[in-house]
Amino acid sequence: MDYNFSKVEKKWQDYWAKNETFKTDVWDFSKPKYYVLDMFPYPSGQGLHVGHPEGYTATDIIARMKKMQGYNVLHPMGFDAFGLPAEQYAIQTGNHPDEFTSKNIATFKRQLNMLGFSYDWSKEISTSDPKYYKWTQWIFKQLFNDGLAKYIDMPVNWCEELGTVLSNDEIVDGKSERGGYPVVRKNLKQWVIDIPKYAERLLQGLNDIDWPESTKEIQRNWIGKSIGANVNFKIEGTDDFVTVFTTRPDTLYGVTFMVLSPEHPIIEKYADRISNIEDLRAYKNIASLKSELERTELSKEKTGVKIEGLNIINPITNVVVPVYVADYVMMNYGTGAIMAVPAHDQRDYDFAKKFNIPIIQVIKGGDISKEAYTGDGEMVNSGILNGLSNKKDSINKMIDYLGQSGIGKKAVNYRIRDWIFARQRYWGEPVPVLHFDDHIEALDDSELPLVLPELKDYSPSKKGEAPLEKATDWVNVEVNGKHAKRETSTMPGSAGSSWYFLRYIDPNNENELANKELLEHWMPVDLYLGGVEHATGHLLYSRMWNNYLFDKGIVPTKEPFKKLVHQGMILGSNGEKMSKSRGNVVNPDDIVRDYGADSLRVYEMFMGPLCDSKPWSETGIEGAKRFIDRFYRLFSDTSKIIDKPNPKLEKEYHKTVKKVTLDFEKLSFNTAISQIMIFVNVAYKENFIPKEYAEGIIKLFNPIAPHVTEELWNILGHDETIANECWPVYDDSKTIDNTINLPIQINGKLKNTIEIQLDSSEDTIKALVHEKVANLLEGKNILKEIYVKNKIYNIVVK
RNA sequence: GCAGAUGUGGCGGAACUGGUAGACGCACAGGACUUAAAAUCCUGCGGCCCAAUAAGCCGUGCCGGUUCGAUUCCGGCCAUCUGCACCA
């Protein structure tokens, strides 16, 4: 009898829903907890693509296994529902973006259920639901009141044509990615979150979490800590000074000029002393027209202007050196000013060459007539540092000296920038503040959630005003006789996703973001799975918010995600990224229709290691289906499943239970499936299978292929779901043979094997081994024999 | 440029702390069943040499090293992918 996957899969999906098989009682503290989480999807109009089920199946396997192992498992799902596509749909159709979003969410849920995931849908959340974003706004409000959410003037990438601010990755070659319109730097009042305040915490926290080393490294680089010193350079003829940040204070004797960022305030402060102030203003203007990307283009030749009438004094040599303005110095890093040491920094070297500035070597080595020398060496021309050859020593000595003489002090800088927290868009969380003439105030808790007003037209104005500006009744309010204006930009997509993992624990709580006792019990997330692309966005923002909420005593742990894993990308069958234009997209609906959900799950887990990118294969999915049919054929034949031991299967059974259990734990699903296949192949050759073994293997396979295994469990005479059964156990002693095939090598090359008793001593097997390879030892001189117990026997001859 | 990762048959991949390289699957080939096909079951399957077997030789990106023994450890290259990029 053939296995009818579509009928059986539907049957069990209905059963799970009806019986609430996977509903979690979060208040049941009697069992150990396990919180497995997927990065929730953006409900796009395309529905699920074939990459989604990869990660979702992996977490589902863990959730189902942990449940069978006696854990109280929290395995929720929700939707990151704010975003641009819904807004564009609204602009084009005039319908509310919520309509589009709800429709897509319904599609996603249908598809997720069709794949048999064990989500507890009673915990479902959506970031665009006012009941949810009430608490996003509430967190923002705390950040604002604590000075971490700030409304500041800052340079942004402005696209006049599109009327909006663009992020760096929305710009290509100084033009907008969409439309190819020019982008300029412009100062705008922006909401930002002071994530740099948490830089050190975020850096240190990486040491305590089980994340891929590469992802930690990406975050470390992004945070970009550098240790050095701030040094004050006196402006000639004044008591004023300019502070620079340097990581190499030990090269101070080699400073021959200073470079300021074009926006440095000292320029305007001394405008009347500077004879070429107009040139500097013009240069600043040109620089501002360049996008950040253009400005930081490495291959670009150095440009700059000398400041006429402003010199600074090297504080250690008292030599007067010139000051330049150049756009290779950024206002938003360090102090916006650098001390230039052309002999030992290639950028300063290029600049010095172009402007004919002297180059003084202070570290021995290299050939500074050709290029800057950035290696280590003995300090020369360096007063108190002369003769030192250890970089660390000379830096420390200089920092000590700077401190004692009041010229400077040790300083740390981070590359991480403020998190821009506003978009001139409609479909996002309203920022819960009121702008009064002289100050900004957060809304009272009783006014949350501040719900998005309905609009007739969702498009932004040409002038770059946010769509919410059109809701004049909503925007303008009177508070105690004073006029106030609501904020009209909305929060970015990353707002709602920065704390959603907390809300799943207590999704309907109307009084707090989640019950404290529940948070204490359930946090942190034990396993978090999602793509690498979130390494510097979502994963950093979430960590910051969680750290902040920890400081406020709201959540129990600093770090939200104990263990993080990234699934690899599923590529098209041609090895390229799936895309409509390449025509290599695989639709999960088609696969489920033609092969069944279990086949898709098994195939995606069998393709290769979870974390690797791997190409889709049409024949591969057929193979997965073939295996499921074979599995069904083997275990549905009740005449062969009997209550009687079969010693020939004992070892393979215990080996399989052991390997599958350990491999699941390691998320090594491809090798676990391969072991189940091996057992099936062996069992196929037997006349009968002990019922205990059949049931054990069905349980092992259940997390991967839940439908077929529920059906088989039922066929073997069980009325209740397999999901509440206990995970099989193995007997380690039964996984080992008492004889082994020992390889025999001559000069490290395999020549033969010999069957021996386990743990045999060299004495007992030596003669047998020699006999086995006697023909090869003839006339040879034995130099050495190496026997590694149960591993190898190697004879070295000449 | 800097940082991280990867490189194994025709293909996806396996190999514990250095110990029989290629598990498992796909593709392919042969056989059984069938009037036939599909499905299923069984067998073979890295390359070279050979009619074939035995034996032999080569083989985990490349070059070298350590070792009785290296896909695994070390040094140096090459290629691909990802992240950051004038960060002082």
Side-chain angles (χ1 to χ4, degrees), chain A residues 2 212-222 224-226 228 244-249 251 258-259 261 292-293 295-300 302 326-330 332-341 344-348 350-351 413-417 532-533 535-536 569 573 575 602-603 606-609 611-624 626-627 629-630 633 662 668 670-678 680-681 684-685 740-753 775-776 783-797:
Chain A
D2 272 356
E213 200 43 53
S214 56
T215 307
K216 289 189 184 182
E217 200 56 30
I218 290 171
Q219 292 209 345
R220 283 191 198 105
N221 291 339
W222 188 264
K225 181 179 186 174
S226 25
V244 304
F245 172 71
T246 176
T247 53
R248 295 302 303 271
T251 60
M258 176 184 271
V259 186
S261 155
E292 178 129 2
L293 254 132
R295 187 165 156 180
T296 57
E297 191 63 60
L298 190 69
S299 55
K300 280 260 156 61
K302 296 275 175 293
D327 63 7
Y328 78 90
V329 177
M330 311 290 147
N332 52 9
Y333 182 79
T335 61
I338 62 157
M339 59 178 228
V341 185
H344 306 292
D345 182 294
Q346 193 57 41
R347 294 155 299 169
D348 298 346
D350 295 342
F351 196 86
N413 252 293
Y414 300 93
R415 195 174 316 176
I416 191 169
R417 312 269 170 90
V532 237
E533 64 273 19
T536 55
M569 205 188 308
S573 49
V602 168
Y603 175 57
F606 188 61
M607 286 172 88
C611 306
D612 289 7
S613 289
K614 47 230 160 223
W616 182 263
S617 153
E618 209 54 54
T619 52
I621 181 88
E622 280 170 28
R626 216 176 293 155
F627 175 67
D629 289 344
R630 190 170 153 89
R633 224 174 287 125
L662 297 180
S668 179
N670 54 332
T671 51
I673 293 169
S674 130
Q675 183 58 45
I676 295 173
M677 287 170 168
I678 291 171
V680 168
N681 289 345
Y684 236 91
K685 296 191 170 69
I740 55 158
N741 254 341
L742 185 79
I744 304 169
Q745 294 184 335
I746 290 178
N747 290 342
K749 287 197 172 156
L750 179 75
K751 292 296 168 185
N752 215 328
T753 62
N775 55 330
L776 299 164
L783 298 177
K784 201 173 174 184
E785 291 180 55
I786 296 124
Y787 173 55
V788 183
K789 205 183 253 185
N790 303 331
K791 291 277 189 199
I792 201 112
Y793 199 108
N794 189 12
I795 304 170
V796 186
V797 300

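Quantities reported herein were computed from a predicted structural model and do not represent experimental measurements. Each chain gets a letter, A, B and so on, in the order the sequences are listed, and its residues count up from 1. In what follows, every heavy atom counts, from backbone to side chain, and hydrogens, waters and symmetry copies are set aside.
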Colleague: Check the distance between B:G25's P and A:I673's CD1 and give it to me in whole angstrom.
Modeller: 12 Å
Colleague: For atom C1', what is the distance between B:A55 and B:G7, given to the nearest Å?
Modeller: 34 Å
Colleague: Start at the 5' end of RNA chain B and walk down; is the nucleotide closest to A:L776 or to A:G334 reached first?
Modeller: A:L776
Colleague: Base, sugar-phosphate or nothing for A:S226? Non-hydrogen atoms, less than 4.0 Å.
Modeller: sugar-phosphate
Colleague: Pick the P atom in B:G12 and in B:A27, then give their distance to the nearest Å.
Modeller: 15 Å
Colleague: Nearest 0.5 Å, please: how far is CD1 in A:I795 from CD1 in A:I744?
Modeller: 7.0 Å
Colleague: Report each atom pair, protein N/O against N/O of nucleotides 26-30 of chain B, whose distance is under 3.5 angstrom.
Modeller:
{"residue": "B:C26", "atom": "OP1", "partner": "A:R626", "partner atom": "NH1", "Å": "2.8"}
{"residue": "B:C26", "atom": "O2'", "partner": "A:T619", "partner atom": "OG1", "Å": "2.6"}
{"residue": "B:A27", "atom": "OP2", "partner": "A:R626", "partner atom": "NH1", "Å": "3.4"}

Colleague: Mind calculating the distance between CZ (A:R415) and C1' (B:C87) to the nearest angstrom?
Modeller: 5 Å
Colleague: Determine whether a donor-acceptor pair (N or O, by modelled atom type, separation under 3.5 Å) exists between the side chain of A:N794 and the backbone of A:G748.
Modeller: yes
Colleague: Can you tell me if A:D348 and A:Y328 form a side-chain donor-acceptor pair at under 3.5 Å?
Modeller: yes
Colleague: In whole Å, measure the gap between the C1' atoms of B:A88 and B:G4 for me.
Modeller: 24 Å
Colleague: Contact class for A:K751 (heavy atom, under 4.0 Å): base, sugar-phosphate, or nothing?
Modeller: sugar-phosphate
Colleague: May I ask you to verify whether the side chain of A:R417 and the base of B:C87 hold a donor-acceptor pair under 3.5 Å?
Modeller: yes
Colleague: So if I define the base as every atom that isn't primed, P, OP1 or OP2, how would nucleotides 12-22 of chain B read as a B/S/- string at a heavy-atom cutoff under 4.0 Å?
Modeller: BSS-B--BB--
Colleague: When syn is taken as a glycosidic angle within 90 degrees of 0, is B:G9 syn or anti?
Modeller: syn
Colleague: Below 30° counts as parallel, above 60° as perpendicular, anything between as tilted: where do the rings of A:Y333 and A:F245 land?
Modeller: perpendicular
Colleague: Using atom CG of A:N681 as one end and atom P of B:C24 as the other, report the distance to the nearest whole Å.
Modeller: 7 Å
Colleague: Whole angstroms only, please: what is the CD-C1' distance between A:E217 and B:G83?
Modeller: 10 Å
Colleague: Both atom distances under 3.5 Å, Watson-Crick or G-U wobble: I'd like the secondary structure of RNA chain B as a dot-bracket string, with | for pairs made across strands.
Modeller: (((((((..(((......[....))).(((((.......))))).(((.......)))..(((((..]....))))))))))))....
Colleague: Among the candidates B:C84, B:A23, B:C87, find the nucleotide nearest to the side-chain atoms of A:S674.
Modeller: B:A23
Colleague: In whole angstrom, give me the gap between the C1' atoms of B:G10 and B:G19.
Modeller: 30 Å
Colleague: How long is the line joining CD of A:Q346 and P of B:A88, in whole Å?
Modeller: 16 Å
Colleague: Compare the minimum distances between each of B:U43, B:A3, B:G4 and the side chain of A:S214, then state the nucleotide with the smallest one.
Modeller: B:G4
Colleague: Backbone N or O of A:E785 within a donor-acceptor pair of the A:Y793 side chain at under 3.5 Å?
Modeller: no
Colleague: What integer distance in Å separates A:D345:CG from B:G1:P?
Modeller: 17 Å
Colleague: Which whole number of Å gives the distance between the C1' atom of B:A21 and that of B:G13?
Modeller: 13 Å
Colleague: Roughly, in whole Å, what's the span from CG in A:N413 to P in B:C87?
Modeller: 13 Å
Colleague: When the C1' atoms of B:G9 and B:C58 are compared, how many Å lie between them, rounded to an integer?
Modeller: 14 Å
Colleague: What is the distance, rounded to the nearest whole Å, between atom CZ of A:R347 and atom C1' of B:G1?
Modeller: 11 Å
Colleague: Could you give the distance separating B:C28 and B:U80 at their P atoms, to the nearest angstrom?
Modeller: 32 Å
Colleague: Return the OG1 to CD1 distance between A:T753 and A:I740, rounded to the nearest 0.5 Å.
Modeller: 10.5 Å
